[in-house]
Amino acid sequence: MRIRTELERILSAAVDDIWGDLVPEDFQVTVSGSDNLEFGDLSCQSPLKLARIVHDNPRKIASMIVDSIKKKLPGISGISVDGPGFINFTLSLPYLVSVSGMLASGGLKSLLPDIGNGRKALVEYVSSNPTGPLTVGHCRQAVLGESISSLLEATGWEVSREYYFNDTGRQMTLLGMSLAARYKAVDGGSAEIPDGGYHGDYITEWAHELRDEQGSGLSWENSSTEFITFARERAIGIIKSDLSLLNIEFDRYFAESELIPDAVRSTIDKLSSIEIDGKSLVYPDNDEAGKLWLRFTSLGRPSDRVIVRDSGMYTYRMPDIAYHIDKFSRGYDLMIDVFGADHLDTSKDVTAALEILLGSLAVSDRLRIIIHQFVTLVREGRKIKMSTRAGKFVTLRELIRDVGSVDVTKYLFLTRAEAHMDFDLDLARKESNENPVYYVQYAHARISGIMRTAKDAGISLPEEHAALSADLLDGEHERELMRLLELIPSRTAAAAEACEPHRLTEILADLATGFHRFYQYKRIVDTENPDASSARLMLCEACRRSISDLLEILGIDAPERM
RNA sequence: GCGCCCGUAGCUCAGCUGGAUAGAGCAGCGGACUUCUAAUCCGCAGGCCACAGGUUCGAAUCCUGUCGGGCGUACCA
């Protein structure tokens, strides 16, 4: 990791020396890992970009830069100018060995940059309202949010995980009414579930439980709060137990009803006091008294929205804005919202309102919204339409049962957030058996086995990797593996900064392939050559720890035996 | 209609934020177990990166348009 920034610094100084003011201040010299071994380990493509700026041949530029570097570069054993004007670097064997040694002894975290540096981050995800069990759609969000949280933690952030839910709106009323209807039916009464109400079987189960606890004396007319509260608590209980299947625990469940009583009111007041082009941001409805609109069009949004209905109830945008104000007031340096694609419009409105209230810089610096696309479920070759209200949906619980493994379920859902995902339930089980996650876990189990064998043979890891002679690891297979290991920290850090945990699955697959190949070609434990065995064991341990550290970030088990 | 996202191997997906011959896994074909776990390894085959233009030394990646698909366009959250 450090070697890249060091090289960038040295190259950048060279560019300054040669061209000086010709090159703009903000020009960045970049060094990245090469795709192909024949181009060295690290590569700099800046000469190609410089060509346009200083109007010269890129190859010549590259050569000029290389020639100007007199000092021997640390950790580098070779520099060349290749292709149209790339500068390629070869990492030295001692450097590679030392990186592997650090991974083996200190694990991945010892080499990850401290990006957060103890700063506080809040990640909000799932945030499904308590109206029933979590569905397949929430699964994607849960996996995404949780792994982003862990990734931030791994790079030095102090992370809080938060689940926000609305428990005061019309949906909760409908849920309570639906429960009341089912409750009435328990004793043979006629039950009409209201329009837009909930039809899931779980409501019927709750009705029986409520009947057992409270007898039959309740009715919607005399105890609506009772029904709503009961349903709310049951729903939250189900959600928490669904999340625990994925080993997810939130630091806080934040209910809308917990917002300080006048938080929403005072946010409206603040918005009302703002005028843009002589017009107040909040304005009353022409026809219906008490109804208020927010002039989102003045904030660059496509249309104005109702924020308070004539009944006096807020529409969902309003508490969301107040909730975010609350988050900002709690002093987080970074706030991440993970939402489904259906929230795109709302979240843009919320952001626009926050920018006018808190300043656009404060918002863009600290708030990051990650929108993931939906999961399309396929069964028997056909797409399944889901509806929580109608009680037609595949739950998270069913999904995990169908797939047959929590680890596989997580792995399957770790894909690029902005891409749509087709999930074929019929293939799930089959894919489960051949899932790449086992390939990675097997590498870990295999190495664990080698460790056991080594222990029995009396061979142990080198005491001090710095003292290890690099010559013991000068084979091409060793080098290939160490090169892969060297790339892990920077790849992981890049995934963290992009908030793209799915990239870790790629790193893991590369690492597992690298190890399996190495294993194929090299006998690790060889009692005839204890020193070389010990050195190779160090490489295995570097792989093992890297795999288990990466899997841990993804919340996936790293088994010692399979 | 308008806004956002997606379209890469038969299937599921990567492609490091413009670079050097487009990558995995599964499925297909052919090889490798007296040796630390064959849930593995090696090889073959498979692609006009939806389509058409543009930007430049250079495009799967950026821009415009077209065609497909998803989501939104609620006084539901």
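Note on naming: letters A, B, ... go to the chains in the order of the sequence lines (proteins, then strands), and numbering restarts at 1 for each one. All values reported here derive from a predicted model rather than from experimental measurement.
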Contact class for A:Glu560 vs. all strands (heavy atom < 4.0 Å): base, sugar-phosphate, or nothing? base
Assign B:C67 to syn or anti; the rule is syn for a glycosidic angle within 90° of 0 and anti otherwise. anti
First of A:Ser128 and A:Gln520 reached from the 5' end of RNA chain B, by closest nucleotide: A:Gln520
Could one point to a donor on the side chain of A:Ser34 or the base of B:A20 with an acceptor on the other under 3.5 Å away? no
For a quick check of understanding: with a heavy-atom distance under 4.0 Å over all strands, which category does A:Arg317 fall into, base, sugar-phosphate or nothing? nothing
Which part of the nucleic acid, if any, lies within contact of A:Tyr521, taking any heavy atom under 4.0 Å across all strands shown: a base, the sugar-phosphate backbone alone, or nothing? sugar-phosphate
Consider the side chain of A:Gln373, meaning its heavy atoms from C-beta on, and name the nucleotide among B:A20, B:C5, B:G19 that approaches it most closely. B:C5
Do side-chain atoms of A:His138 reach the backbone of A:Thr135 as a donor and acceptor pair under 3.5 angstrom? yes
May I ask you to verify if any side-chain N or O of A:Arg416 is less than 4.0 angstrom from the OP1 or OP2 atom of B:A14? yes
Expected output: side-chain A:Tyr163 to main-chain A:Ser128 donor-acceptor under 3.5 Å: yes
Separation of the C1' atoms in B:G31 and B:A38, to the nearest angstrom: 13 Å
Measure from CD1 on A:Ile371 to C1' on B:G70 and round the result to the nearest Å. 14 Å
What's the closest nucleotide to the A:Arg523 side chain, out of B:A39, B:U35, B:G19? B:U35
Looking at B:C16, B:A20, B:A14, which one has an atom nearest to any side-chain atom of A:Arg503? B:C16
If I take atom CE in residue A:Met562 and atom C1' in nucleotide B:C36, what distance separates them, rounded to the nearest angstrom? 17 Å
Touch class at under 4.0 angstrom, heavy-atom based, for A:Thr315 against every strand present: sugar-phosphate
When the nearest nucleotide of RNA chain B is assigned to A:Tyr438 and to A:Glu418 on a heavy-atom basis, which residue is associated with the more 5' position? A:Glu418
Contact class for A:His420 vs. all strands (heavy atom < 4.0 Å): base, sugar-phosphate, or nothing? base
A:Lys327 and A:Glu124 ion-paired at < 4.0 Å: yes
Between B:G18 and B:G1, how far is it from one P atom to the other, in whole Å? 32 Å
Using a heavy-atom cut-off of under 4.0 Å over every strand shown, decide if A:Asp422 touches base, sugar-phosphate, or nothing. sugar-phosphate
Rounded P spacing from B:A59 to B:A52 in Å: 15 Å
Could you tell me whether the side-chain ring of A:Tyr439 sits stacked on the base of B:A39, using a centroid cut-off under 5.5 Å and a plane angle under 30°? no
What contact category does A:Arg517 fall into here, base, sugar-phosphate, or nothing, at under 4.0 angstrom with non-hydrogen atoms? sugar-phosphate
Need the pair for B:U21. Rule: Watson-Crick or G-U wobble, both distances under 3.5 Å, any strand; none if unpaired. none
Please check the phosphate of B:C36 (OP1 and OP2 only) for any side-chain N or O of A:Arg536 closer than 4.0 Å. no
Any strand is fair game: report the nucleotide pairing with B:G28 by Watson-Crick or G-U wobble, both distances under 3.5 Å, or none. B:C44
Side chains of A:Thr297 and A:Asp304 only: does a donor on one sit below 3.5 Å from an acceptor on the other? yes
Please report the distance separating the P of B:G7 from the corresponding atom of B:A50, rounded so that it comes out in whole Å. 7 Å
Mind checking A:His343 for me? I need base, sugar-phosphate or nothing, with any heavy atom below 4.0 Å counting as a touch. base
Should the side chain of A:Arg52 and the base of B:G58 be counted as holding a donor-acceptor pair, with the cut-off at 3.5 Å? yes
Scan every strand shown for a Watson-Crick or G-U wobble partner of B:U34, both distances under 3.5 Å, and answer none if you come up empty. none
A:His343 side chain to A:Asp337 side chain, donor-acceptor N/O pair below 3.5 angstrom: no
When the C1' atoms of B:A22 and B:C48 are compared, how many Å lie between them, rounded to an integer? 13 Å
Go through the side-chain N and O atoms of A:Tyr323 and A:Glu162 and say whether any donor and acceptor fall under 3.5 Å apart. yes
When you measure from the centre of the six-membered ring of A:Tyr519, is the NZ or CZ of A:Arg446 closer than 6.0 Å and no more than 45° off the axis? yes
When you measure only distances, ignoring hydrogens and angles, does the side chain of A:Asn88 come within 3.5 Å of the base of B:A20 through a donor and an acceptor? yes
Does a nitrogen or oxygen in the side chain of A:His502 sit under 4.0 Å from OP1 or OP2 of B:G15? yes
Please determine, for B:C62, whether a Watson-Crick or G-U wobble partner exists with both distances under 3.5 Å, and give it or none. B:G54
Touch class at under 4.0 angstrom, heavy-atom based, for A:Glu506 against every strand present: sugar-phosphate
Check every strand shown and say whether A:Ala495 touches a base, only sugar-phosphate, or nothing at a heavy-atom separation below 4.0 Å. nothing
Select base, sugar-phosphate, or nothing to describe what A:Met421 touches, counting heavy atoms under 4.0 Å on all strands. sugar-phosphate
When you compare B:U56 with B:G19, how far apart are their C1' atoms, in angstrom units rounded to a whole number? 12 Å
Decide, for B:U8, between syn and anti: a glycosidic angle within 90° of 0 counts as syn, anything else as anti. anti
Is any side-chain heavy atom of A:Val440 closer than 4.5 Å to one of A:Ile556? no
Decide whether A:Ser80 and A:Asp82 meet the rule of one side-chain donor and one side-chain acceptor closer than 3.5 Å. yes
Using a 4.0 Å heavy-atom cut-off across all strands, classify A:Lys455 as base, sugar-phosphate, or nothing. nothing
For B:G68, which nucleotide in any strand shown is its Watson-Crick or wobble partner with both distances under 3.5 Å? B:C6
Using the C1' atom as the point on both nucleotides, what is the distance between B:G23 and B:G47, in whole Å? 12 Å
Taking only the P atom of each, what is the distance from B:C44 to B:C63 in whole angstrom? 37 Å
